[in-house]
Amino acid sequence: MQGNANRLSRLVDDLLDLSRIEAGRLELRPTNIDVASIGQDVVASLQTLAADKKIALAIDTNGEATAWADAGRVHQILVNLVGNAVKFTPDGGRVDVRVGGDTDVISAAVSDTGPGIEEEQLLTIFDKFHQVGRGADRQGAGLGLAISQRLVELHGGSLQVDSEVGVGSTFTFTRRCMPMVSSRGRGRCGMAGASRDLCR
């Protein structure tokens, strides 16, 4: 009963988020964040789920990964990507998260040893209500990837997928950094491509 209630609550939250995004009413609340630290928190929170399926879930961080971004929304993006990877990876598989960057680009990649995604599905993978798989293999409401892509784009970034059937998939969130100067005179990674009102 509680599990069904939680799923319904998440569905309602996802629908509200998608509605706000499409209406242009979702406002980001950026601060100076450490994307690697958020990635580590996400991986830690999903370790029990991975362990239940005997999936090895690990994260590797490399380079500078700080950004002027909405911490809650970056966390939401990574939870969707890592959660999907664990959900679709068969028992005994592996999910690897890599977060890193430099002064120009920040990236977060989630790779799995799942069944992979067929080529025709890759064309619509980020459409709302799209569900990976066929028939009884389908899981979820098909909103997580659609929301993740739109949140990434609101941050001035891109979300891409590379997949091979029978081998696995990799979803990569990449965002270029645009130098900004804070009120204290220190540089930070800005929101390239984002509108001015989203950067308040």
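Count residues from 1 along the sequence.
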**OP:** For residues Phe171 and Asn84, determine if any side-chain heavy atom of one lies less than 4.5 Å from a side-chain heavy atom of the other.
**Re:** no
Subject >> By side chain to side chain contact (heavy atoms under 4.5 Å, CB included) - contacts of Val152 (at least two apart) >> reply: Ile77, Leu159, Phe173
Original post:
Roughly how far apart are Glu164 CD and Glu119 CD, rounded to 0.5 Å?
Top reply: 11.5 Å
Original post:
Should Glu22 and Arg150 count as side-chain neighbours, where that means a heavy-atom distance under 4.5 Å?
Top reply: yes
**OP:** Could you pull out all residues at least two apart from Arg98 that satisfy salt bridge (charged side-chain N to carboxylate O under 4.0 Å, His left out)?
**Re:** none
Original post:
For the atom pair CD (Gln160) and OG (Ser107), what is the distance rounded to the nearest 0.5 Å?
Top reply: 11.0 Å
Subject >> Under the side chain to side chain contact (heavy atoms under 4.5 Å, CB included) test, residues paired with Ala71 that sit two or more places apart >> reply: Ile33, Ile38
Subject >> Distance (rounded to the nearest 0.5 Å) between Arg29 CZ and Thr31 OG1 >> reply: 11.5 Å
Original post:
At their closest point, which heavy atom of Thr172 faces which heavy atom of Ala109, and how far apart are they?
Top reply: OG1-CB, 3.8 Å
Original post:
Do Ile106 and Thr174 have side-chain heavy atoms sitting under 4.5 Å apart?
Top reply: no
Subject >> With Val42, the side-chain contact (heavy atoms from CB on, under 4.5 Å) member among Val110, Asn80, Leu57, Val79 >> reply: Val79
**OP:** Find the distance between CD1 (Ile117) and CZ (Phe88) and round it off to the nearest 0.5 Å.
**Re:** 8.5 Å
Original post:
Does the His155 side chain pair with the main chain of Asp70, one donor and one acceptor, at a distance under 3.5 Å?
Top reply: yes
Original post:
Of all heavy-atom pairs between Gln40 and Ile59, which one has the smallest distance, and what is that distance?
Top reply: N-CD1, 3.5 Å
Original post:
With sequence neighbours left out, what residues match Ala36 under side chain to side chain contact (heavy atoms under 4.5 Å, CB included)?
Top reply: Asp34, Thr61, Ala65, Val99
Original post:
Under a 4.5 Å cut-off applied to non-hydrogen side-chain atoms, are Thr66 and Val35 in contact?
Top reply: no
Original post:
Are any of the side-chain heavy atoms of Pro115 and Val165 separated by less than 4.5 Å?
Top reply: no
Original post:
Taking atom types as modelled and ignoring hydrogens, do the side chains of Gln76 and Asp17 form a donor-acceptor contact shorter than 3.5 angstrom?
Top reply: yes
Original post:
How would you list, by chain and number, every residue that makes a salt bridge (charged side-chain N to carboxylate O under 4.0 Å, His left out) with Asp96, sequence neighbours excluded?
Top reply: Arg94
**OP:** Please answer whether the main-chain N or O of Thr89 pairs with a side-chain N or O of Lys53 as donor and acceptor at a distance below 3.5 Å.
**Re:** yes
Original post:
Quick check: does any side chain N or O of Thr170 sit under 3.5 Å from a backbone N or O of Ser163, one acting as donor and the other as acceptor?
Top reply: no
Original post:
Looking at Gly116 and Ser169, what are the two nearest heavy atoms and their distance?
Top reply: CA-OG, 3.7 Å
Original post:
Should the pair Asp112-Lys87 be classified as a salt bridge under the 4.0 Å nitrogen-to-oxygen rule?
Top reply: no
Original post:
Taking side chain as C-beta onward, heavy atoms only, is Asp60 less than 4.5 Å from Val97?
Top reply: no
Subject >> Euclidean distance, Asp52 CG relative to Gln47 CD, rounded to 0.5 Å >> reply: 11.0 Å
**OP:** Any chance you could measure Leu145, atom CG, to Leu81, atom CG, to the nearest 0.5 Å?
**Re:** 6.5 Å
**OP:** Using the test side chain to side chain contact (heavy atoms under 4.5 Å, CB included), find all partners of Ser45 that sit at least two apart in sequence or belong to another chain.
**Re:** none
